[in-house]
Amino acid sequence: MRKLVYYVATTLDGYIAGPDGADPTGPNGFWPVPEDYLQHLATEYPETLPGPARQALSVTAEGTHFDTVLEGRRTYEIGLAAGLTNAYPHLRHLVFSRTMTESPDPAVELVADDPVETVRKLKQEPGKDIWLLGGGELAGSLYGEIDALILKVGPLTIGDGIPLFSRKAAFDPRTWTLTDHTALPSSGVFLTYTRTP
């Protein structure tokens, strides 16, 4: 069965974006993107690079982890503001929204249904794992369905912002087993955790 994997960048203090929710790696962002970080993404997780980044880096690899990406409306709108109607044209792309009535891109599927039920159906379908891109609210609503975490931990703290899981996530302590880790020379760390049964 396919797994739901929350693959996301986080600060040392557990934030995935600043208080305004803008792209932290964007033109006015605070998140450094060193060369070794980009190289690791291109080599190990090429399918998670947005289409324009794949082109700029000459990445053509299909990737071995994911064939589907899920994101919430606010996260999707970051790409829209940058002129991207589909940042991941190489993946099946689902956006969860109860307010958007028409997809800006024919390849982007809008989902107004319950995220938990949708993910449970997706897990039953054939294919690679499912990438939960974010944001924190969608991750909070899918907290109980997440099978693995891949945390791209940046060597920075910001004090306040959008947390890894929204405050709306239910209190439900879980334990995780570290199954892989990579430390980069630039001090970023990739940590892979699998939910402990």
_Value rounded to 0.5 Å, distance of NZ in K128 from CZ in F66_ = 10.5 Å
*Steps toward salt bridge (Lys or Arg N to Asp or Glu O under 4.0 Å) verdict (R73, E77)*: CA-CA 6 Å; R73 176 188 53 81; E77 286 178 342; 3.0 Å; yes
*Would you confirm whether S97, through its side chain, and M100, through its main-chain N or O, come within 3.5 Å as a donor-acceptor pair?*
yes
_Ring centres under 6.0 angstrom apart (F190, Y37)_ = yes
*Please check if any side-chain donor atom of T43 sits under 3.5 Å from a side-chain acceptor atom of Q39, or the reverse.*
yes
_Main-chain N/O of G134 paired with R74 side-chain donor or acceptor, under 3.5 Å_ = no
_Distance, nearest 0.5 Å, that separates CG of L164 from OH of Y15_ = 11.0 Å
*Does the pair V189 and L184 meet the rule for a side-chain contact (heavy atoms from CB on, under 4.5 Å), with working shown?*
CA-CA 6 Å; V189 181; L184 302 176; over 6 Å; no
*Just checking, any donor-acceptor pair under 3.5 angstrom between side chains of H93 and E71?*
yes
*Transitive ILVMFWY side-chain link Y45 to L70, under 4.5 Å*: no
*asked:* Whether D129 and K3 form a salt bridge (side-chain N of Lys/Arg under 4.0 Å from carboxylate O of Asp/Glu) is what I want to check.
replied: no
*Can you list the steps and then say if W176 with T192 is a side-chain contact (heavy atoms from CB on, under 4.5 Å)?*
CA-CA 9 Å; W176 303 81; T192 302; over 6 Å; no
*Under a single-linkage definition using a 4.5 Å side-chain heavy-atom cutoff for Ile, Leu, Val, Met, Phe, Trp and Tyr, are L91 and V5 assigned to the same hydrophobic cluster?*
yes
*Using atom types as modelled and distance alone, determine if a side-chain donor or acceptor of D147 lies under 3.5 Å from a backbone N or O of L4.*
yes
*Kindly indicate, with the supporting measurements, whether the criterion side-chain contact (heavy atoms from CB on, under 4.5 Å) is fulfilled by L132 and L142.*
CA-CA 9 Å; L132 172 56; L142 290 170; 4.1 Å; yes
*What's the shortest heavy-atom distance between A22 and D20, and which atoms?*
N-OD1, 3.0 Å
_Shortest non-hydrogen separation from H90 to E47 and the atoms involved_ = NE2-O, 2.8 Å
*asked:* My understanding is that only residues two or more places apart in sequence, or in another chain, count here; which of them pass ring pair (Phe, Tyr, Trp, His ring centres under 6.0 Å) with Y193?
replied: none
*Is the number of heavy atoms from other residues, nucleotides or ligands under 6.0 Å of D160 CG greater than 12?*
yes
*Side chain T85, main chain D105, donor-acceptor under 3.5 Å*: no
*Find out if a path of hydrophobic residues (ILVMFWY) with successive side-chain heavy-atom gaps under 4.5 Å connects L94 to I130.*
yes
_Do V95 and S103 make a side-chain contact, defined as non-hydrogen atoms from C-beta onward lying under 4.5 Å apart?_
no
*asked:* To the closest 0.5 Å, what do you measure between OH (Y143) and OG (S166)?
replied: 11.5 Å
*Report yes if some heavy atom in the side chain of V153 is under 4.5 Å from a heavy atom in the side chain of L12; otherwise report no.*
yes
*asked:* Would you say that V8 contacts L133 through its side chain, given a criterion of any heavy-atom pair below 4.5 Å between the two side chains?
replied: no
*Do L151 and Y6 share a hydrophobic cluster (ILVMFWY, side-chain heavy atoms under 4.5 Å, transitive)?*
yes
_Tell me whether the count of non-hydrogen atoms from other residues, nucleotides or ligands lying under 6.0 Å of NZ in K123 goes above 12._
yes
_Shortest non-hydrogen separation from E102 to L110 and the atoms involved_ = C-CD1, 3.4 Å
*What is the minimum heavy-atom distance between D36 and S186, and which atoms define it?*
OD1-OG, 2.7 Å
*Linking I/L/V/M/F/W/Y whenever any side-chain heavy atoms sit under 4.5 Å apart, do I146 and I16 land together?*
yes
*Within a reach of under 6.0 Å around CZ of R2, are more than 12 heavy atoms found that belong to other residues, nucleotides or ligands?*
yes
*Between R174 and D172, does a side-chain contact (heavy atoms from CB on, under 4.5 Å) hold up when you go through it step by step?*
CA-CA 6 Å; R174 306 225 165 190; D172 184 10; 2.8 Å; yes
*Measure the spacing between OG1 of T194 and CG of D180 and express it to the nearest 0.5 Å.*
9.5 Å
*Cut-off 3.5 Å, side chains only: do T196 and T177 have a donor facing an acceptor?*
yes
_Nearest-0.5 Å distance, CG of residue D113 to OG1 of residue T118_ = 5.0 Å
*Pairwise side chain to side chain donor-acceptor pair (under 3.5 Å) hits with a residue in residues 48-59, at least two apart*: Y7-T48
*Find the distance between CD1 (I150) and CD (E44) and round it off to the nearest 0.5 Å.*
10.5 Å
*Validation row: P104, L80 side chains within 4.5 angstrom (heavy atoms)*: yes
*Please report the shortest heavy-atom distance between A107 and N86, naming the atom on each side.*
CB-ND2, 3.7 Å
*Evaluate salt bridge (Lys or Arg N to Asp or Glu O under 4.0 Å) for E125 paired with R92, printing each intermediate quantity in order.*
CA-CA 13 Å; E125 295 175 1; R92 181 179 177 193; 3.0 Å; yes
*Mind listing the closest non-hydrogen atom pair of V59 and A42 along with its distance?*
CG2-CB, 3.8 Å
*Taking atom types as modelled, is there a side-chain donor on T11 or D13 under 3.5 Å from an acceptor on the other?*
yes
